[in-house]
Amino acid sequence: MKHKIVMLLLLFVSFVKAQEEKKNYSFSLQEAIDFAIQNNYKAINAGKDIESAKQKKWETTASGLPQINAGLDYFRNFVFTQQGISGNAFDPNGDPNAVSTIAFGTKNSMNARATLSQLIFDGSYIVALQASKTYIQYFKNNKIKTDNEVKEIVTSYYGNVLLAKENINILEKNKATLEKNLFEAEQTFKNGLIEEESVEQLQITLGSVNSNLNNVTRLVDISSKMLKISLGLDIDDKLTLTENLDNLIEKKLTLDFNESFDVNTNIDYQLADNFKEQRRLEYKLQKAAYLPSLAANVNFGYNAFSNQFTFANQDQKWNNFSNLGVSLNVPIFSSFGRTAKAQQAKLAYQQAQTQLTEAGQMIKLQFESARSDYEYSIEQYATSKSNLKLAERIENKQQIKFKEGLSSSFEFTDAQRQLYTAQQNYLQAMIDVINKKTTLDKITNK
């Protein structure tokens, strides 16, 4: 009995802890977008790309700044290297054709050194500094593009959740109405005033509505989890949406159809311009290969020699040394290899210019197409809204006629199906307006 009590307490504690770990969130659409830009997985990585690019820029900058390196070398000679000398090298009377050997050095030697080096001039380094700025700008623009994509995805998922919930509300109302009509029809059939087929028609329609309701109920959970992932949340966190489709539609119906569009504001065009600038700098880099480079270094240190390892002794003699070196490299002739590389870079730059022009034209076309799609979605929304009101009136009239025996079950069922279709078309039209406006805003970088 005690074991059971302990197990129940452990299960209760685990349940409470699990509930505490789950977080509650409540967002409007704009709040959801703002949150996602900071916490979406792709947005986070895009931000890290910018930080990485900044570190890459400093790496490039540091390569042209003073460099200091130090080292310590120790050598131990087990067997000395023999050097050959002629027979009269040290003895004028010796046989000049004779050969003898001699060894130089000590058993142990140590060298402590430090080197200061500085790049004085290199055209490639100057171009690299310029390229690093373009490199950072590319990732900044890529972050904006990622944020726009996140905004589009969050808007779509947010709308899908609201669509599914609104669909549930409509289907539940339809179900309640159908159940009431079916009950009345069954009573009427029992009294022999209508045929059994009329009851069966209502049963079929109710079964279809129940099936759709179950399916949409499942979709709410799936759509909500997809939204949570796009927000960077745990799928088990609780999420409440504070807006409905009517709120979103009201905010999206604000376009001035006569507004001008500047292709330079489009992020894809800016990325294409970044690519062109990279190609220009690559061409400039190849031309810089014709320029000389100049560098200098200062070396200083100490060395010591001993047949025994006495380098740690205070009386060990250390010999200091220092020198200054200057290196000038002047490219003269490469069998036109540098020329070929420069021409390739020039052609790549010209291709990038052409691609930028093409991108500008395509983006302008995308804007016109997106604006047309948005205008059409507004027209469809107005039409579907009007059709829904008509379908509701028709269905209501047919319902009255059916109850009074003035219309058949087929006519009533047909009116119901027409109403259900109008309801779905209206909901879809609302989502289309929201999504089309989001696509248009993505192109204009709003």
Side-chain angles (χ1 to χ4, degrees), residues 33-34 36-64 122-155 259-291 338 340-371 438-446:
I33 291 172
D34 294 339
I37 289 175
Q38 297 297 324
N39 297 277
N40 177 272
Y41 305 117
K42 292 182 179 179
I44 290 174
N45 285 337
K48 293 185 183 300
D49 285 337
I50 296 175
E51 295 303 316
S52 178
K54 290 179 179 178
Q55 295 301 319
K56 184 68 177 179
K57 179 185 176 183
W58 179 248
E59 176 189 347
T60 303
T61 303
S63 65
D122 190 334
S124 299
Y125 173 72
I126 297 174
V127 177
L129 288 179
Q130 296 173 341
S132 63
K133 296 178 181 178
T134 304
Y135 188 66
I136 292 176
Q137 188 58 48
Y138 169 80
F139 283 106
K140 286 183 177 179
N141 287 339
N142 189 63
K143 176 64 166 66
I144 295 174
K145 179 179 174 66
T146 301
D147 289 347
N148 288 342
E149 291 174 348
V150 168
K151 176 181 178 180
E152 185 178 34
I153 292 172
V154 169
T155 301
E259 67 174 332
S260 60
F261 170 60
D262 182 5
V263 70
N264 291 287
T265 62
N266 181 270
I267 196 62
D268 288 320
Y269 184 83
Q270 293 175 17
L271 286 169
D273 188 54
N274 287 149
F275 181 74
K276 184 207 72 172
E277 180 64 12
Q278 289 172 10
R279 290 293 177 263
R280 185 186 71 82
L281 290 172
E282 288 173 4
Y283 176 40
K284 189 175 180 180
L285 178 64
Q286 293 303 324
K287 292 194 294 183
Y290 290 93
L291 301 175
R338 282 188 294 270
K341 290 182 178 179
Q343 287 302 312
Q344 291 178 61
K346 181 179 180 180
L347 292 171
Y349 174 46
Q350 292 173 342
Q351 287 177 325
Q353 289 177 308
T354 303
Q355 291 170 356
L356 179 62
T357 302
E358 180 186 20
Q361 296 301 313
M362 292 300 297
I363 290 168
K364 288 179 181 178
L365 180 60
Q366 290 174 10
F367 170 74
E368 294 297 331
S369 177
R371 185 168 67 174
T438 303
T439 300
L440 187 61
D441 288 344
K442 181 181 176 183
I443 293 175
T444 56
N445 199 27
K446 290 185 178 179

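Atom set for the values below is all heavy atoms of this structure, side chains included, hydrogens, waters and symmetry mates excluded.
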Restricting to non-hydrogen atoms, name the atom on [X] and the atom on [Y] that form the minimum distance, rounded to 0.1 Å.
| X | Y | value |
| --- | --- | --- |
| I50 | K143 | CD1-CB, 3.7 Å |
| T60 | A128 | CG2-CB, 3.6 Å |
| V150 | A36 | CG1-CB, 3.6 Å |
| T439 | E152 | OG1-OE2, 3.5 Å |
| Q286 | A345 | CG-CB, 3.8 Å |
| R280 | Y349 | CB-CE1, 3.4 Å |

Open item on the list: Check whether T444 reaches the backbone of L440 with its side chain - one donor and one acceptor, N or O, closer than 3.5 Å.
Closed with: yes
Task: Expected output: side-chain N266 to main-chain I443 donor-acceptor under 3.5 Å - done: yes
Task: Where at least one partner belongs to residues 125-147, residue pairs that pass ring pair (Phe, Tyr, Trp, His ring centres under 6.0 Å), sequence neighbours excluded - done: Y135-F139
Task: Validation row: K276, R279 side chains within 4.5 angstrom (heavy atoms) - done: no
For the [atom1] atom of [X] and the [atom2] atom of [Y], what is their distance to the nearest 0.5 Å?
| X | Y | atom1 | atom2 | result |
| --- | --- | --- | --- | --- |
| K287 | K346 | NZ | NZ | 8.5 Å |
| F275 | Q353 | CZ | CD | 12.0 Å |
| K284 | E277 | NZ | CD | 9.0 Å |
| I126 | L281 | CD1 | CG | 12.5 Å |
| D268 | K442 | CG | NZ | 7.5 Å |
| N274 | K140 | CG | NZ | 11.0 Å |

TODO: In sequence, state the C-alpha distance, the side-chain angles, and the governing distance for V263 and F367, and then conclude on side-chain contact (heavy atoms from CB on, under 4.5 Å).
DONE: CA-CA 9 Å; V263 70; F367 170 74; over 6 Å; no
TODO: Give a yes or no on whether a salt bridge exists between K151 and D147, defined as a side-chain N under 4.0 angstrom from a carboxylate O.
DONE: no
Open item on the list: Listing request: all side chain to side chain donor-acceptor pair (under 3.5 Å) pairs with a residue in residues 38-57, at least two apart in sequence or in separate chains.
Closed with: none
Open item on the list: Is it true that, when you exclude E368 itself, more than 12 heavy atoms of the residues, nucleotides or ligands shown sit nearer than 6.0 Å to its CD?
Closed with: yes
- [ ] Please lay out, stage by stage, how N141 and Q137 fare under the test side chain to side chain donor-acceptor pair (under 3.5 Å).
- [x] CA-CA 6 Å; N141 287 339; Q137 188 58 48; 3.2 Å; yes
